[in-house]
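Presented below is the structure to which this report refers.
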Amino acid sequence: MPELPEVETVCRGLSNTILGRKITFADNLRPNLRIPFPENFGAVLKNKTIKNISRRAKYILITLDDGTIIIAHLGMSGKMVVFPNFQNDRQKHDHAIFQLDDGKELIFNDPRRFGLITFSDTANINKHKLIVNLGIEPLESGFDGKFLFKKFKNKNTPIKTAIMDASLVVGVGNIYACEALFRSAIAPTAKSGEISAAKCNELAGNIKNVLFEAIESGGSTLRDYVGSSGKSGYFQHRFKVYGREGESCVSCQNPIKRLKQSGRSSFYCANCQK
DNA sequence: CGGCGGTCCTGTCAGC
DNA sequence: TGCTGACAGGACCGCC
C-alpha cells in the first residue's frame, strides 16, 4: 500500500483535479471492501460538490457541500485515479466510480480489497470509529524526540513495532519505519524503553525527513502504486535498506539482513544499527 | 492493558 | 509449463 507519502501524494493530486467539481453520478460496483459500502452510496453523493480534500493518517477525507465526508483508505493495493473521460470499460478490481460535472471520472481500484470507503460528516468525523483512536501526525510539530521519549518510557515493545503503532504515531508504515531506523542507526529489535532521549530526537527527525523526501519524490512505487494522475512515485530508488536483503549496506558494505517482527519484514544493517 | 498472531484478499515471483 | 508456497505498501480483532 501506499504509506503516508503515497496517500499525501494522492490527496494533493485529487485537490488539483477534482476540488470544486460536482459529482453527477457515483456507484459502488460490489457490496463491500474491508467493510460494506454505505447504503444508498450513489444517492447520497449525487449532485454534491467537493469542497475539501484532506488526509488524516492514511485516510483520505473528501468533504462535500452538505457536510458529508467520504472516508477512503487504500489498504495495501488501492488506487484512486482521475481519468479525463468517463471510461467505457471497467477494469478488474474497479470497485467505486465517481463521475464529475466536467466529464472526468474518479475510480477506486483495489485488487486485494483491504481498502475501504465509508461516510461520516463534519460534526462527527473526529468521533468516528476509524479516526478517534489515531495518534499524532508525524509531520506536525508536536511529534518530536521529547514526545517519543515520553511515550517509550517503560515500553518493552521493539522500536520498529512501536513506531508503526497507529495509536502512538500515524502513517509510519513498513518501508519508512525501516528507512528511518537505518538513518538513526537504531536496530529494529531495540527495546523502545531503552532508547536515549538523544536517539529519540534523532529518530523523530529522521521519520520526518524520510516522509518529507518521499512526498517530494511523489511517493514510492513497489509493484503498482500510482498517484491520482496515474504516475508512479520515485522514492523507491532511494531506499537504503527496504527490500535490499543480501545487498551491501550503503555505509559499511556488510549485507543487509531481514527478520520478521509482528508478521512484517524488517530490513536492517546489523553492523550500523545497534 | 500490552503485545502478538491470525485474518481479510489477490497477485506475483521463486523454486521445483 | 504448471504447481506450490512465500510474500506484499495495512490494520482490525481476539486471545493470552
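Order of the sequence lines sets the chain letters (A, B, ...), proteins ahead of strands, with each chain counted from 1.
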Report yes if at least one side-chain N or O of [X] is closer than 4.0 Å to OP1 or OP2 of [N]; otherwise report no.
X        : N      : answer
A:Lys191 : B:dG2  : no
A:Lys129 : C:dC13 : yes
A:Lys92  : B:dT10 : no
A:Arg258 : C:dA8  : yes
A:His93  : B:dG11 : yes

Does [X] come within less than 4.0 Å of [Y], counting only side-chain N to carboxylate O?
X        : Y        : result
A:Lys51  : A:Asp65  : no
A:Glu137 : A:Arg56  : yes
A:Arg238 : A:Glu179 : no
A:Lys146 : A:Asp144 : no
A:Arg183 : A:Glu213 : yes

A:Glu39 atom CD, over 12 foreign heavy atoms within 6.0 Å: no

Aromatic plane relationship, A:Phe239 with A:Tyr242 - under 30° parallel, 30 to 60° tilted, over 60° perpendicular: perpendicular

Parallel, tilted or perpendicular: ring planes of A:Tyr59 versus A:His73, cut at 30 and 60 degrees: perpendicular

With a non-hydrogen cut-off below 4.0 angstrom, is [X] in contact with a base, only sugar-phosphate, or nothing?
X        : result
A:Tyr242 : sugar-phosphate
A:Ser265 : sugar-phosphate
A:Thr221 : base
A:Gly263 : nothing

Protein-nucleotide distance ([X], atom [atom1]; [N], atom [atom2]), rounded to Å:
X        : N      : atom1 : atom2 : result
A:Met76  : B:dC8  : CE    : C1'   : 11 Å
A:Arg264 : C:dC12 : CZ    : C1'   : 13 Å
A:Ile131 : C:dA11 : CD1   : C1'   : 13 Å
A:Phe152 : B:dG3  : CZ    : P     : 11 Å
A:Leu134 : C:dA11 : CG    : P     : 9 Å
A:Ile35  : B:dC9  : CD1   : C1'   : 16 Å
A:Leu116 : C:dC13 : CG    : P     : 12 Å
A:Met164 : C:dC12 : CE    : P     : 13 Å

Shortest non-hydrogen separation from A:Ile53 to A:Cys11 and the atoms involved: CG2-O, 3.9 Å

Closest non-hydrogen atom pair between A:Val172 and A:Glu3, with its separation: C-OE1, 4.0 Å

Distance (rounded to the nearest 0.5 Å) between A:Ile69 CD1 and A:Asn52 CG: 8.5 Å

Side-chain-base donor-acceptor pair under 3.5 Å for A:Arg112 and C:dA8: yes

Pairwise P distance, B:dG6 and C:dA6 [rounded to whole Å]: 13 Å

Given DNA chain C, 5'-ward residue of the pair A:Asn174 and A:Tyr59, judged by closest heavy atom: A:Asn174

DNA chain B contacts among residues 153-163 of chain A, heavy-atom distance under 4.0 Å: A:Lys155, A:Asn156, A:Thr157

Face-to-face stacking of A:Phe114 with C:dG10, centres under 5.5 angstrom, angle under 30°: yes

Range-with-range stems of DNA chain C (Watson-Crick or G-U pairs under 3.5 Å, three or more in a row): B:2-8 with C:10-16, B:10-16 with C:2-8

Closest to side chain of A:Pro111, choosing from B:dG11, B:dC4, C:dA8: B:dG11

